[in-house]
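Proteins come first, then strands; the chains are lettered A, B, ... in the order of their sequence lines, and each starts at number 1.
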Number of protein chains: 2
Amino acid sequence: MATQRDVARAAGVSLAVVSAVVNGTSHTRMRESTRTRVLQAMQQLGYQPNQTARSLRLNQTDMIAMILNKIDNPVYGPLRHGVYEAAAEHGATVLLGDAETMRFGSRFLTRLLSQGTVDGILIRGEGLLDDDVMAELRSHPKPILILEHAMDHPWIDVDDRRAGEIATRFLVNLSHRHIVFVGGLGYLSQQRYLGYQQAMDAVGLTPAPHLATGFGEQAGADGLRQAMQAATAPTAIVVNNIMSAVGVLAAARDLGIAIPDQLSVVGIHDVDLMQHLRPAVTAVRMPMYQLGRAGVEALYDLIAGRPSAGGVITDPEPELVIRDSATALTRIRD
Amino acid sequence: MATQRDVARAAGVSLAVVSAVVNGTSHTRMRESTRTRVLQAMQQLGYQPNQTARSLRLNQTDMIAMILNKIDNPVYGPLRHGVYEAAAEHGATVLLGDAETMRFGSRFLTRLLSQGTVDGILIRGEGLLDDDVMAELRSHPKPILILEHAMDHPWIDVDDRRAGEIATRFLVNLSHRHIVFVGGLGYLSQQRYLGYQQAMDAVGLTPAPHLATGFGEQAGADGLRQAMQAATAPTAIVVNNIMSAVGVLAAARDLGIAIPDQLSVVGIHDVDLMQHLRPAVTAVRMPMYQLGRAGVEALYDLIAGRPSAGGVITDPEPELVIRDSATALTRIRD
DNA sequence: CTATTTTGAATTAACGTTACGTCAACAAGG
DNA sequence: CCTTGTTGACGTAACGTTAATTCAAAATAG
């Protein structure tokens with residue numbers, strides 16, 4: 001493969017000039033005619049710059065890593081999109097990894113830890129990473145930004161507490177009084193439950209305990225079954241994890257509970273799938289795309305040594321998308 | 001950050017020895033005591049090898065790219081998993097890209113084309129790439145393997161024709177006679193339609209024309225509506241794209257068609273979601289995980305200059321997963 | 001006791017870039 | 001005519017690694 005040296009030889013100039021043409025450096029100047037001559041030689045030889053050499057010289061790879069806890073979660077679609085887009089604007093490419101496969105000593109981790117692989121790291125799902133893995137990552141010379149609430153790291157996140165509040169208030173306004181929260185594990189669920197509590201407290205209702213059944217479809221089904229065993233069955237449910245909403249719908253059908261007539265359901269996080277389910281699921285849309293973009297910007301602030309604008313994203317706010325799974329309470333179930 | 005030179009200095013040895021310790025090279029030998037001394041120095045200084053320098057020297061990055069046409073499609077979950085796993089076994093990391101964002105001149109494409117970025121490329125969704133993008137990729141010095149049928153490239157794929165046949169034959173065996181195929185665009189759908197045709201022909205039934213409505217949930221809904229406008233309504237449907245099955249279920253509900261009592265549905269490709277829908281969707285599971293693994297192996301064959309074992313994966317075969325969306329025909333609808 | 005082999009290491013030349021420092025040729029100013 | 005400045009380029013030293021080559025000292029053979 002052709003190198004700058006070959007191009008230089010073909011164009012009858014020095015290496016420095018070729019490099020300057022490639023990078024548009026102002027330091028080394030040249031006549032316009034020389035520039036086109038070099039350009040032609042590059043074309044003719046099919047020259048492609050060698051990223052590796054460039055990275056070594058500049059100590060910068062134009063690549064960032066993003067680690068997600070459950071990479072398959074459709075919720076991450078827009079997040080990934082935002083990250084890829086913003087990264088491209090910074091001239092960078094994204095190396096995507098899954099927290100689940102990131103065990104101690106795994107190939108991906110070793111790779112990340114070695115120098116000259118990425119310029120920075122974005123992590124969502126810190127809680128799912130082993131402590132020793134996090135410790136290793138912490139020793140990384142390049143900046144790390146956490147895409148959720150973190151104590152000892154720069155972080156940025158969407159407003160989960162607010163989402164729980166919005167979902168719950170919507171149901172309260174539909175006259176529901178027995179509202180349960182089907183949740184998961186970890187800080188995120190806790191925040192959403194907090195929002196649920198606030199909305200309940202605000203109108204003098206007693207919050208039900210947090211039904212933490214985990215993530216995914218099955219967790220939703222389990223959660224609904226548990227909720228229905230209570231002395232007074234709920235008339236409405238806030239579902240922490242959006243994929244759990246699918247399980248709630250399935251379990252409701254299996255139990256002969258009509259949604260929304262007998263039970264209203266509101267999910268947190270919105271994905272395309274929700275509008276195609278029957279009933280279509282009312283959900284709180286989180287600004288994940290913006291989180292992705294903001295995350296990359298904040299990471300590049302850190303990379304440049306600037307102070308990073310972290311914290312909770314309040315613009316845009318979580319937004320309620322009203323569909324068919326929640327309706328006003330018209331009769332009290334016995 | 002500590003380099004091999006620093007380690008060498010600290011351990012009182014030469015660069016060569018440090019390199020040999022890091023790589024376990026047999027060429028440069030040393031006393032066991034020297035080795036541990038170097039190891040200690042590495043520990044103390046927190047030495048991490050520099051990937052960039054390594055890649056430059058070895059002309060090999062231990063990174064492969066995978067390009068998918070619709071990265072969000074849950075069907076790709078197991079594929080991605082297989083690829084990541086097999087790549088890790090080869091000591092490599094995976095750079096994941098989306099065909100949709102790979103326009104001419106895009107950051108990701110330029111990056112791929114420049115030397116020293118990846119050792120090889122895996123592509124699924126060649127049909128969705130612009131011709132000029134494919135032309136650029138074709139000029140890439142590193143090997144490219146297509147994860148679907150291809151004419152002028154090494155390729156490997158699952159058996160889509162067979163999947164169409166399996167789905168259709170299952171419905172035929174359930175006594176269905178009016179079976180339609182709701183499909184999409186591109187070679188894959190065509191193959192599956194071919195399988196459908198074969199299964200119909202085999203029992204002397206006339207295949208219905210290919211209802212190509214595209215991909216995704218909406219395409220399924222559109223397909224069902226179109227199918228229902230026929231002079232004699234079908235009693236069963238084979239859905240090409242599994243996410244379209246969600247749309248078929250929704251449209252059926254909207255139209256007041258009971259599944260499976262009035263209409264049987266079988267999807268091609270199986271994803272977790274299917275077992276959580278109501279009715280749970282009967283589907284043909286494709287060996288996508290194995291495709292991922294086999295793809296990586298074939299790519300590394302190419303990288304090593306060995307002949308690559310390509311073609312259609314016949315072991316395991318597509319497998320029918322029977323759930324609740326298809327049932328035996330007991331009465332003829334008018 | 002010398003000749004030969006083995007052991008344990010050190011030197012060094014790349015890999016392809018980029019950026020600093022240098023410098024000849026020419027132009028403009030006094 | 002000399003001084004100073006500008007233009008257009010060239011040479012070269014890194015960046016951190018690996019592997020080929022070289023070589024002294026120790027061990028073994030004859």
Side-chain angles (χ1 to χ4, degrees), chain A residues 1-39 41-42 45-62 91 110-111 113-117 119 141-142, chain B residues 1-39 41-42 45-62 91 110-111 113-117 119 141-142:
Chain A
M1 277 282 96
T3 71
Q4 287 192 357
R5 189 183 308 277
D6 300 324
V7 175
R9 206 150 24 213
V13 296
S14 74
L15 265 182
V17 174
V18 179
S19 175
V21 169
V22 171
N23 298 28
T25 320
S26 61
H27 182 265
T28 294
R29 293 160 305 190
M30 75 222 65
R31 226 166 309 188
E32 185 54 30
S33 64
T34 318
R35 218 178 70 86
T36 54
R37 196 147 38 91
V38 171
L39 250 22
M42 281 173 46
L45 297 174
Y47 168 76
Q48 293 286 8
N50 185 312
Q51 263 302 323
T52 296
R54 208 161 183 281
S55 298
L56 177 60
R57 181 65 230 256
L58 297 178
N59 191 30
Q60 154 191 340
T61 59
D62 289 330
T110 339
R111 179 68 190 239
L113 290 173
S114 68
Q115 295 181 62
T117 295
D119 295 336
K142 301 289 182 173
Chain B
M1 279 283 92
T3 69
Q4 287 193 355
R5 189 183 307 276
D6 300 324
V7 175
R9 204 149 26 209
V13 296
S14 74
L15 264 180
V17 175
V18 179
S19 174
V21 169
V22 171
N23 298 32
T25 320
S26 61
H27 183 264
T28 293
R29 294 162 303 191
M30 75 220 69
R31 226 166 309 187
E32 185 55 28
S33 64
T34 322
R35 217 179 73 86
T36 55
R37 197 148 36 90
V38 171
L39 249 21
M42 279 173 45
L45 296 174
Y47 168 76
Q48 293 286 8
N50 185 310
Q51 262 302 323
T52 297
R54 207 159 183 282
S55 299
L56 177 60
R57 181 64 230 256
L58 298 177
N59 190 30
Q60 155 190 342
T61 61
D62 289 330
T110 340
R111 179 69 188 237
L113 290 173
S114 68
Q115 294 183 64
T117 295
D119 295 337
K142 302 287 180 173

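Whole-Å rounding puts the D6(B) CG to dT17(D) C1' distance at 13 Å. Straight-line distance from the CD atom of Q115(A) to the C1' atom of dG16(D): 9 Å, rounded to whole Å. If you take CZ of R37(B) and C1' of dA10(C), they are 14 Å apart, rounded to a whole angstrom. Atoms CZ (R5(A)) and P (dG11(D)) sit 12 Å apart, rounded to a whole Å. The distance between atom CG of L15(B) and atom P of dA14(C), rounded to the nearest whole Å, is 17 Å. Residue Q60(B) contributes atom CD, which lies 16 Å from atom C1' of dG16(D) at whole-angstrom precision. Atom pair M30(B):CE and dA9(C):C1' shows a separation of 9 Å (rounding to whole Å applied). Distance, D62(B) CG to dT17(D) C1': 14 Å, rounded to whole Å.
Among the heavy atoms of the strands lying under 4.0 Å from S19(B) is at least one base atom, whether or not backbone atoms are also near. Among the heavy atoms of the strands lying under 4.0 Å from T28(A) is at least one base atom, whether or not backbone atoms are also near. Counting non-hydrogen atoms under 4.0 angstrom, V13(B) reaches the backbone sugars and phosphates but no base.
Closest to the R31(B) side chain, of the nucleotides dT17(C), dG8(C), dG16(C), is dG8(C). The side chain of Q4(B) has dT17(D) as its nearest neighbour among dT17(D), dG16(C), dA19(C). The side chain of V17(A) has dC10(D) as its nearest neighbour among dA19(D), dT17(C), dC10(D). Of the candidates dA9(D), dA10(C), dG16(C), the closest approach to any side-chain atom of S14(B) belongs to dA10(C). The side chain of T25(B) approaches dA19(D) more closely than any other nucleotide in the set dT17(D), dT17(C), dA19(D).
Counting heavy atoms from C-beta outward, T3(B) and N50(B) have side chains that stay 4.5 Å or more apart.
Across the interface with DNA chain C, nearest-nucleotide mapping of G12(B) and T52(A) shows G12(B) to be the residue nearer the 5′ end. Nucleotides of DNA chain D nearest to R29(A) and A16(A) differ in position, and the one nearer the 5' end is that of R29(A). Ranked by how close their nearest DNA chain C nucleotide is to the 5' end, N23(A) and H27(B) are led by H27(B).
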**Request:** Dump the intermediate steps for side chain to side chain contact (heavy atoms under 4.5 Å, CB included) on Q48(B) and M1(B), then the final yes or no.
**Result:** CA-CA 8 Å; Q48(B) 293 286 8; M1(B) 279 283 92; 5.7 Å; no
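The closest side-chain donor-acceptor pair between S114(A) and T117(A) falls under 3.5 angstrom.
Scanning all heavy atoms of the two residues, the minimum distance from G116(A) to T52(B) falls at O-OG1, 2.8 Å.
The one candidate from V7(A), V38(A), V22(A) that meets the side-chain contact (heavy atoms from CB on, under 4.5 Å) condition with V17(A) is V38(A).
Between T34(B) and the phosphate of dA9(C), there is a side-chain N or O to OP1/OP2 separation shorter than 4.0 Å.
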